[in-house]
Amino acid sequence: MLYQYHCACCEKVVTSNQKACHECGSQNIRTPYGFWLFCILACLIAAITFKLVHVYLKDHQSVPVQQSFLDSLNQSNKNTH
Ligand SMILES: [Zn+2]
C-alpha cells in the first residue's frame, strides 16, 4: 500500500504509469517516495535531537550527578558508622 501511487484528491490508488486519476481526473498524483522521504527526514531529525539532548545532558549533568552520587556515598558511610 505504501509503495502505491495515490490520487491527492480522492485517495484512490493510481498506477505509476498513469498521468491522471481515473476516478476524478485529477493530475495531482502523490508518489510513494514523499512518504518515505518524510519518514527518513523524521527519523533523522529525531536522531539528531536525541543526540543533541544526550550531549546536552552529559555536559550539564555529569558533574552534579557525580557529586551527588559521592555525597550520597559519604552520607551512607556516615549513617552506617
Ligand atoms: Zn482522484
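Each ligand, and each atom within it, is numbered from 1 in the order the structure gives.
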side-chain contact (heavy atoms from CB on, under 4.5 Å) between Tyr5 and Thr15, worked out | CA-CA 6 Å; Tyr5 287 65; Thr15 54; over 6 Å; no

Apply side-chain contact (heavy atoms from CB on, under 4.5 Å) to Ser26 and Cys10, showing your working.
-> CA-CA 9 Å; Ser26 171; Cys10 60; over 6 Å; no

Under-2.8 Å protein N/O/S neighbours of the Zn ion (ligand 1), ordered by chain then residue number =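 Listed by chain and number, the atoms are Cys7 SG, Cys10 SG, Cys21 SG, Cys24 SG.
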
Taking atom CD1 of Ile45 and atom CD1 of Ile40, what is their separation to the nearest 0.5 Å?
->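 Going from CD1 on Ile45 over to CD1 on Ile40, the span is 12.0 Å.
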
Please round to the nearest 0.5 Å and tell me the distance separating atom NZ of Lys51 and atom NZ of Lys58.
->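 Nearest 0.5 Å value for the NZ-NZ distance: 8.0 Å.
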
Out of curiosity, does Tyr33 fall in the hydrophobic cluster containing Val14 (side-chain heavy atoms, cut-off under 4.5 Å, transitive links)?
->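 Result: yes, single cluster for both.
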
Single hit among Gln4, Glu11, His6 for side chain to side chain donor-acceptor pair (under 3.5 Å) with Arg30 |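 Testing Arg30 for a side chain to side chain donor-acceptor pair (under 3.5 Å) against Gln4, Glu11, His6 leaves exactly one candidate, Glu11.
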
